[in-house]
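Written below as structure tokens is the structure these notes are about.
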Protein chains: 2
Amino acid sequence: MNLDKFDLAILGVLQGDARASLQDIGTAVGLSSTPCWNRIKRMEAAGVIKGYTVQIDPAAVGFMDTVIVHVTLESHSEEMLYKFGQALAQIPEVLEAFLVSGDYDYFIRIAVRDTRDYERLLRERLYMIPGIRHSKSSFVLRRLKESALPLHLAGAQTRG
Amino acid sequence: MNLDKFDLAILGVLQGDARASLQDIGTAVGLSSTPCWNRIKRMEAAGVIKGYTVQIDPAAVGFMDTVIVHVTLESHSEEMLYKFGQALAQIPEVLEAFLVSGDYDYFIRIAVRDTRDYERLLRERLYMIPGIRHSKSSFVLRRLKESALPLHLAGAQTRG
DNA sequence: AGTGAAAAGGCTTTAAC
DNA sequence: GTTAAAGCCTTTTCACT
């Protein structure tokens with residue numbers, strides 16, 4: 001799907017506030033609300049927009065610790081990589097999971113209530129997954145930035 | 001701020017669709033729209049809800065690669081940790097940055113158009129920050145999960 | 001605290017350019 | 001592709017429980 005500068009501008013506004021009204025979006029990007037609406041629906045249908053979500057303070061709902069865990073597996077067969085990923089995805093505390101190149105196989109980020117919960121999660125969930133060889137945990141001391149894509153650096157792009 | 005089961009249920013609905021109407025939220029959690037509205041405004045004011053955002057397919061806007069970079073610094077003084085973090089936050093391609101315990105100081109996740117962009121970013125931006133000692137990059141081959149807090153595991157919590 | 005109704009405003013569609 | 005206007009639905013307020 002091809003995106004022009006208006007599409008990118010609309011995405012930029014929605015990244016800042018997904019509940020912005022069509023009028024405000026239109027004013028911000030220099031269009032009226034109708035074309036904005038059409039463009040948003042088009043991007044939703046094309047999968048450019050995957051959804052809208054709320055940003056919650058983890059500490060406010062009781063998740064006091066974030067831990068990043070590096071995992072190595074016993075084998076690098078496609079079957080094991082896939083099955084391990086599926087098992088990871090079923091653990092609700094796992095917020096992000098990346099299959100990566102390099103020394104490790106998976107990087108995962110988990111949210112836990114406290115260190116006891118973390119210990120239990122590691123022992124009772126993560127190490128119960130077949131194929132895990134080793135893990136290394138790093139506690140997050142400070143979170144500096146939250147993801148928003150730098151859309152001003154994005155060019156229009158054609159995608160399958 | 002104390003959150004009851006209705007607050008958590010509302011957050012759960014909004015995590016799934018931040019543009020859900022108050023009527024739909026009310027139906028989903030078993031309340032009418034007015035108390036849902038009051039609770040949302042209360043959580044926004046208290047900072048439990050930090051904002052609403054759109055989830056964009058990075059590839060659709062031209063960011064074909066995600067790289068996770070581990071960074072060590074020359075010193076662990078508070079000043080250096082802080083200054084480095086501030087410099088990181090100013091790089092638009094840096095989507096997430098965590099100050100962590102363990103062998104490394106920072107874990108950062110960056111979005112780049114391609115490997116050439118990544119190389120340029122590393123050389124012209126990251127290694128220009130004073131105090132950087134070493135970095136190690138891992139390319140993301142597959143992204144398995146995207147963060148949504150497991151609110152069913154969250155208890156009501158009192159926060160400063 | 002919650003409900004339900006009414007007013008205000010925004011969304012979505014249609015029509016026209 | 002765009003703007004403008006009409007109808008409908010949602011948000012927001014208010015009176016009451």
Side-chain angles (χ1 to χ4, degrees), chain A residues 1-57 60-62 148 151-152 154-160, chain B residues 1-57 60-62 148 151-152 154-160:
Chain A
M1 174 173 183
N2 247 302
L3 303 175
D4 64 15
K5 65 169 183 168
F6 289 116
D7 293 316
L8 292 173
I10 290 168
L11 291 176
V13 174
L14 288 174
Q15 258 191 173
D17 179 12
R19 303 197 72 150
S21 73
L22 287 172
Q23 282 186 15
D24 290 345
I25 296 170
T27 303
V29 307
L31 290 173
S32 61
S33 60
T34 305
C36 289
W37 185 84
N38 286 327
R39 285 159 180 274
I40 289 169
K41 291 297 153 193
R42 199 166 49 90
M43 291 191 283
E44 285 175 355
V48 176
I49 292 176
K50 292 191 289 181
Y52 303 92
T53 195
V54 62
Q55 297 166 302
I56 299 169
D57 177 1
V61 291
L151 294 171
H152 57 287
Q157 193 72 13
T158 305
R159 210 176 46 119
Chain B
M1 174 171 182
N2 247 300
L3 304 174
D4 64 15
K5 64 168 183 170
F6 288 115
D7 293 317
L8 292 173
I10 290 168
L11 290 175
V13 174
L14 288 174
Q15 258 191 173
D17 179 12
R19 302 198 73 150
S21 73
L22 288 172
Q23 283 185 17
D24 291 344
I25 297 170
T27 303
V29 307
L31 289 173
S32 62
S33 60
T34 305
C36 289
W37 185 83
N38 286 326
R39 285 161 179 274
I40 289 169
K41 291 297 152 193
R42 200 166 48 91
M43 290 191 284
E44 285 174 355
V48 175
I49 292 176
K50 293 191 287 181
Y52 304 91
T53 194
V54 63
Q55 297 166 300
I56 299 169
D57 178 0
V61 290
L151 294 172
H152 57 289
Q157 192 73 13
T158 305
R159 211 175 47 116

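These numbers come from the heavy atoms of this one structure, side chains and all, not from hydrogens, waters or symmetry mates. Lettering follows sequence order; numbering is per chain, from 1.
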Checklist entry - Leu14(A) versus Arg19(B): any side-chain heavy-atom pair under 4.5 Å? => result yes
Checklist entry - Atom CG of Leu31(B) and atom P of dG4(C): how far apart are they, to the nearest Å? => result 11 Å
Contacts under 3.5 angstrom, residues 21-28 of chain A side chains, donor-acceptor by atom type, not counting sequence neighbours:
residue	atom	partner	partner atom	Å
Ser21(A)	OG	Asp24(A)	N	3.2
Ser21(A)	OG	Asp24(A)	OD2	3.4
Thr27(A)	OG1	Gln23(A)	O	3.0

Checklist entry - Could you give the CG-to-C1' distance, from Asp7(B) to dA1(C), as a whole number of Å? => result 12 Å
Checklist entry - Between Ala20(B) and Val13(B), what is the shortest heavy-atom contact and its length? => result CB-CG1, 4.2 Å
Next on the checklist: So that I can tick it off, tell me whether Asp7(B) and Arg39(B) are bridged by a salt bridge, with the cut-off set at under 4.0 angstrom between side-chain N and carboxylate O.
Outcome noted: yes
Checklist entry - How does protein contact run along nucleotides 11-17 of chain C, one letter per nucleotide 5' to 3', with B for base contact, S for sugar-phosphate only, - for none, heavy atoms under 4.0 Å? => result SBB----
Next on the checklist: For a quick test of reading the model, state the closest non-hydrogen atom pair linking Leu3(B) to Ala60(A) and the distance between them.
Outcome noted: CD1-O, 3.6 Å
Next on the checklist: Give me the atom names and distance for the closest heavy-atom approach of Ala18(B) to Tyr52(B).
Outcome noted: CB-CD2, 3.8 Å
Next on the checklist: How many whole angstroms separate atom CZ of Arg39(B) from atom C1' of dA1(C)?
Outcome noted: 8 Å
Checklist entry - Separation of Asn2(A) atom CG from dG1(D) atom P, in whole Å? => result 13 Å
